[in-house]
Amino acid sequence: MEKLTLVAPCHFGVESVLKREILDLGYEIIKVEDGRITFEGDNLAICRANVFLRTAERVLVQVGRIQATTFDQLFEAVKALKWEKFIPKDGKFWVKKASSIKSKLFSPSDIQRIVKKAIVERLKAEYHINWFDEDGAEYPIRVFFFKDEAIVALDTTGDSLHKRGYRKYTAKAPISETLAAALILLTPWKKDRILVDPFCGCGTFPIEAAMIAANIAPGMNREFTAESWTNIISKKDWYEAVNQACDLINEDIDVDIQGYDIDPDMVEFSRKNAKNAGVEHLIHFQTRPLEELSHSKKYGFIITNPPYGERLEEKAALKPLYTKIGERYKSLDDWSAFIITSYENAEKDMGIKATKNRKIYNGMLKTYFYQFMGAKPPKRKFKDE
């Protein structure tokens, strides 16, 4: 099969996790950039990346990387790309999104217009027609400019990969599924260790952890735009990716994953979402205030997204909240805690110095992923049989 250049965008700050995921799928990394990993794969790789990647936002087929500082240069560079390899005569194509950072061409609407015009001119010459009905499969295009270099790509995914399909019930400003998965994978948590989220909201952290523990691929129960690209990807490739995902599921596991929230409605939402994800039997949800956070066992993990208030009146209530988080964490025996928040006084108010502090962008919001590492459990000794 012909090799394709694929691009997987992700949240800024979690590139290392996505890189590891792609390598684990068996594909070669071409380039690592802020918020983006470029790798090489075949047609099947498009299917497997969409089905298996937990931390990517979408999977793109790179048609070309071009340099342009004027719209004339942009037009000629896009027109020179081999669009006929991807878009058939009846294909419906449009520039769904254009973005520009530190580039001379900075108007998204103008970039979209010029790119569309260039593709039309290229395909008119290739297919010897002057009008496109565009009544076939959809081929959305995305253009990313950075320092006058642009990635021009086809979007194989459609709705972002964070839309797993299970979160039918949601809370105010929930963490995205892809970011939650990335943060879990940034920790040393494994399925044989306790995990508690005391601010579970609609259940995203516990559900993503349970899916990781049971090896449930995040994209196996949803649809993708490229499923209709029969000129590029066969139905057999999609079936193969999903069948492989089904074969890898292991629900015969013993886990201790818990989610608490003070709001009983949120706890009920969490249970319903976990059922949608097929992991309700792996998680214990309970209405419980932060003051009652406790566990009798050692070496557990707290992974959570507590309130961090963006308005001044909300921030006033944060000091006692984070003080209480620190008190409850210190009461646990050799536990580790991983907390994502934009609240800059988190360490001070918790009364604990973080082992590590990683900057993560949650959309446009700068947050900090505080990592408080507890003691490691002793290594198990196995007797010779």
Side-chain angles (χ1 to χ4, degrees), residues 54 162-187 189-218 220-222 249-308 321-322 324-325 327-329 331-333 335-341 362 369 372:
R54 299 184 188 278
H162 81 266
K163 296 186 177 181
R164 319 284 207 216
Y166 67 75
R167 204 162 70 179
K168 305 294 185 184
Y169 304 88
T170 189
K172 178 184 176 183
I175 193 167
S176 78
E177 295 90 325
T178 47
L179 182 54
L183 296 179
I184 294 168
L185 292 172
L186 277 171
T187 79
W189 177 79
K190 302 296 180 186
K191 61 187 176 184
D192 61 342
R193 306 281 291 275
I194 303 158
L195 187 152
V196 175
D197 180 358
F199 301 95
C200 72
C202 56
T204 310
F205 270 127
I207 292 169
E208 289 294 323
M211 291 176 69
I212 291 169
N215 208 17
I216 298 173
M220 61 183 297
N221 293 316
R222 54 159 287 175
I249 294 173
N250 178 18
E251 294 185 350
D252 185 22
I253 53 176
D254 184 19
V255 294
D256 187 348
I257 300 173
Q258 303 180 29
Y260 307 145
D261 203 281
I262 196 171
D263 186 342
D265 289 338
M266 288 297 100
V267 173
E268 186 59 28
F269 285 178
S270 294
R271 291 191 179 115
K272 290 178 178 178
N273 289 334
K275 184 175 182 180
N276 291 337
V279 294
E280 73 275 17
H281 59 296
L282 299 176
I283 309 170
H284 173 68
F285 288 110
Q286 185 178 357
T287 302
R288 182 188 288 195
L290 175 64
E291 288 79 5
E292 296 179 13
L293 173 60
S294 64
H295 204 291
S296 60
K297 294 183 179 179
K298 300 177 70 170
Y299 310 120
F301 280 70
I302 294 171
I303 304 179
T304 193
N305 175 35
Y308 38 86
L321 174 66
Y322 280 80
K324 182 60 69 175
I325 293 173
E327 290 172 356
R328 298 318 305 155
Y329 169 61
S331 74
L332 297 166
D333 195 355
W335 278 47
S336 300
F338 298 83
I339 299 172
I340 181 171
T341 178
N362 185 1
F369 191 44
F372 304 92

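For the numbers below, each heavy atom of this structure counts, side chains included, while hydrogens, waters and symmetry mates do not. Predicted, not measured: the structure shown is a model, and the values here were computed from it.
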Compare every heavy atom of [Y] with every heavy atom of [X], then report the nearest pair and how far apart it is.
{"X": "E251", "Y": "L282", "answer": "O-CD2, 4.4 Å"}
{"X": "N273", "Y": "C202", "answer": "ND2-O, 3.0 Å"}
{"X": "P206", "Y": "G259", "answer": "CG-CA, 4.1 Å"}
{"X": "Y322", "Y": "T341", "answer": "OH-OG1, 2.8 Å"}
{"X": "F372", "Y": "Y329", "answer": "O-OH, 3.4 Å"}
{"X": "I216", "Y": "A277", "answer": "CD1-O, 4.4 Å"}

From [atom1] ([X]) to [atom2] ([Y]), nearest 0.5 Å:
{"X": "T204", "Y": "L179", "atom1": "OG1", "atom2": "CG", "value": "10.0 Å"}
{"X": "S296", "Y": "L332", "atom1": "OG", "atom2": "CG", "value": "10.5 Å"}
{"X": "D197", "Y": "I283", "atom1": "CG", "atom2": "CD1", "value": "10.5 Å"}
{"X": "Q258", "Y": "L195", "atom1": "CD", "atom2": "CG", "value": "9.0 Å"}

Side-chain contact, heavy-atom cut-off 4.5 Å: [X] with [Y]?
{"X": "I325", "Y": "I302", "value": "no"}
{"X": "T187", "Y": "S336", "value": "no"}
{"X": "E280", "Y": "R271", "value": "no"}
{"X": "F269", "Y": "F285", "value": "no"}
{"X": "I339", "Y": "F199", "value": "no"}
{"X": "N362", "Y": "N305", "value": "no"}

Side chain to side chain contact (heavy atoms under 4.5 Å, CB included) assessment of F301 paired with I184: CA-CA 10 Å; F301 280 70; I184 294 168; over 6 Å; no
Heavy atoms of other groups near Y299 OH, more than 12 under 6.0 Å: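 Buried by this count: over 12 neighbours within 6.0 Å.
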Contacts of H295 that satisfy ring pair (Phe, Tyr, Trp, His ring centres under 6.0 Å) - sequence neighbours left out: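 Partners of H295 under the ring pair (Phe, Tyr, Trp, His ring centres under 6.0 Å) test: W335.
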By side-chain contact (heavy atoms from CB on, under 4.5 Å) - contacts of D333 (at least two apart):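 Listed in chain order: K298.
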Results of side-chain contact (heavy atoms from CB on, under 4.5 Å) for S331 - residues two or more places apart only: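 Once residues adjacent in sequence are excluded, the partners of S331 under the side-chain contact (heavy atoms from CB on, under 4.5 Å) criterion are R328.
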Worked check of side chain to side chain contact (heavy atoms under 4.5 Å, CB included) between F205 and I175: CA-CA 8 Å; F205 270 127; I175 193 167; 3.8 Å; yes
Table please: side-chain donor-acceptor pairs of residues 207-214 below 3.5 Å, with sequence neighbours left out.
{"residue": "E208", "atom": "OE1", "partner": "R164", "partner atom": "NH2", "Å": "3.1"}
{"residue": "E208", "atom": "OE2", "partner": "R164", "partner atom": "NE", "Å": "3.2"}
{"residue": "E208", "atom": "OE2", "partner": "Y166", "partner atom": "OH", "Å": "2.7"}

Counterpart residues, side chain to side chain donor-acceptor pair (under 3.5 Å), relative to R288 (two or more places apart):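 Y260, Q286.
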Selection residues 175-184 - residue pairs positive for side chain to side chain donor-acceptor pair (under 3.5 Å), sequence neighbours left out: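 As it turns out, the side chain to side chain donor-acceptor pair (under 3.5 Å) pairs with a partner in residues 175-184, which skip direct neighbours, are H11-S176, E57-T178, R167-E177, S176-T178.
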Side-chain donor or acceptor of D261 paired with backbone N/O of G201 under 3.5 Å: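 Yes; at least one donor-acceptor contact below 3.5 Å.
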